[in-house]
Amino acid sequence: MISAGFSSALCVRPVVSFSNTIRGVHNHGRVTCLAMSMSSSSMTVARDAEYELESRKYELLNIIQDTQRGLVTTADQRSTIEEAMVVVEGFDAGKEIDLSKLDGTWRLQYTSAPDVLILFESAARLPFFQVGQIFQKFECQNESRGGLVRNVIKWSVPRLLEENEGATLIVSARFSCVSARNIYLKFEEIGFQNINISDDLQAVIAPAILPRSFLSLQILQFIQTFKAQIPVTSPERQSVGGLYYLSYLDKNMLLGRAVGGGGVFIFTRAHALIC
């Protein structure tokens, strides 16, 4: 005999129908499929955006390919390069400088900066002067608001030094982040190092047909290990500085603009060890 209490409990027990259970599973499946579809769609959009960015970067590098790093350009070419830079910069607009990405060595591919172009022009006109690769080396891996930057210029004097890599000029500066995209450079020192004399000059100092004397070896060693640092600052003279706008930055490209009409710069990541 079933008690009245137990009978009452049976009467009020909620009834879960099989059809409701199936409907819930079906709805859950629809939600899961919708989430997967949205995720897949987001991944597709991200891939398309990345492909578009890489295409625009390739176009920019292709445009500057025959300009000799900016030395040989027409007004139309400079306008086209500017337009291509603006397109690439649009992908990175508004983001704060990531110093971990900036850290490392960057090779100059193009510039319109007068103070750099004059080096290229001099090398083109003067048979006794060559300009090799130009780099910017940032050291800011463990910094939060700045670091050190070295402008590294490889140069040479034909027949006296090795071609294009005969000597290294280094202009060192401290930089600090003054806004999301602007850094202020405070130049500190100019240095000369890594002097690699040519075989012709070595033959003059120490002729190959004679045993090298202690003096000639000392001269060769002195030249090859010579370093000179010239301070830019002094108690009587204020440091030279400049504002630099980093308009685009990722793992393999750096675009910059010298504020105040100082020209634009296009760099790519250099993986070789420099100075």
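Because the structure is a prediction, the values reported are computed rather than measured.
A salt bridge links Glu96 with Arg145: the distance from a Lys NZ or Arg NE/NH1/NH2 to an Asp or Glu carboxylate oxygen falls below 4.0 Å. For Glu52 and Arg56, the salt-bridge test passes: some basic side-chain N is under 4.0 Å from an acidic carboxylate O. Classification of Glu89 and Arg257 as a salt-bridged pair holds, one side-chain N sitting under 4.0 Å from a carboxylate O.
Here the straight-line distance linking atom CD1 of Ile134 with atom CD1 of Ile153 works out to 5.0 Å at 0.5 Å rounding. Atom CG in Asn182 sits 7.0 Å away from atom CD1 in Ile97 (nearest 0.5 Å). Atom CZ in Phe187 sits 6.0 Å away from atom CG in Asn151 (nearest 0.5 Å). Leu246 CG to Phe267 CZ: the interatomic distance, rounded to the nearest 0.5 Å, is 10.0 Å. Rounding to the nearest 0.5 angstrom, the gap separating the CZ atom in Phe135 from the NZ atom in Lys154 is 7.0 Å. Considering CG of Leu99 and CD of Glu143, their distance stands at 8.0 Å, rounded to 0.5 Å.
Looking at Arg174, its side chain never comes within 3.5 Å of a backbone N or O of Glu188 through a donor-acceptor pair. Without hydrogens or angle criteria, Arg69 side chain to Thr111 main chain gives no donor-acceptor distance under 3.5 Å. When atom types are taken as modelled, the side chain of Ser79 and the backbone of Ala75 share no donor-acceptor pair closer than 3.5 angstrom. Using a distance-only test at 3.5 Å, with no hydrogens or angles considered, a donor-acceptor pair links the side chain of Asp92 to the main chain of Leu249.
In the hydrophobic clustering of ILVMFWY residues, with side-chain heavy atoms under 4.5 Å counting as a link, Val259 and Val178 come out together. Linking Ile, Leu, Val, Met, Phe, Trp and Tyr residues whenever their side-chain heavy atoms come within less than 4.5 Å places Leu169 and Phe129 in a single cluster. Under the 4.5 Å side-chain heavy-atom criterion for Ile, Leu, Val, Met, Phe, Trp and Tyr, Phe192 and Phe128 are members of the same hydrophobic cluster. At a threshold of 4.5 Å between side-chain heavy atoms, the hydrophobic network of Ile, Leu, Val, Met, Phe, Trp and Tyr places Leu117 and Val72 in one connected group.
What you find for Gly147 and Cys140 is that their closest heavy atoms are CA-CB, 4.3 Å. Looking at every heavy atom in both residues, Val116 comes nearest to Phe265 through CG2-CE2, 4.2 Å. Across all non-hydrogen atoms, the minimal contact from Pro114 to Gly262 is CD-O, 3.7 Å. Taking both residues in full, the closest heavy atoms of Arg181 and Ser247 are given as NH1-C, 4.3 Å, listed atom of the first, atom of the second, then distance. Minimum heavy-atom separation, Phe120 to Val131: CE2-CG1, 3.9 Å. The heavy-atom pair separating Ser112 from Gly263 by the smallest distance is OG-CA, 3.4 Å.
Val149 is not listed as a side-chain neighbour of Tyr244, based on a closest heavy-atom distance of 4.5 Å or more. Gln65 places none of its side-chain heavy atoms less than 4.5 Å from the side chain of Gln109. Between Leu71 and Glu121 there is a side-chain heavy-atom pair separated by less than 4.5 Å. A heavy-atom distance below 4.5 Å is not found between the side chains of Trp155 and Leu119.
Other residues, nucleotides and ligands contribute at most 12 non-hydrogen atoms within 6.0 Å of the CD atom of Glu50. In the displayed structure, Ile118 atom CD1 is contacted under 6.0 Å by at most 12 heavy atoms of other residues, nucleotides or ligands.
For Ser172 and Glu189, the side-chain atoms include no donor-acceptor pair closer than 3.5 Å.
Residue Val264 shares its hydrophobic cluster (ILVMFWY side chains chained together at separations under 4.5 Å) with Leu53, Leu60, Leu61, Ile63, Ile64, Ile81, Met85, Val87, Val88, Phe91, Tyr110, Tyr248, Met253, Leu255, Ile266.
Under the side-chain hydrogen bond (donor to acceptor under 3.5 Å, both in side chains) rule, Asn252 has a single partner from Arg269, Lys57, Lys101, which is Lys57.
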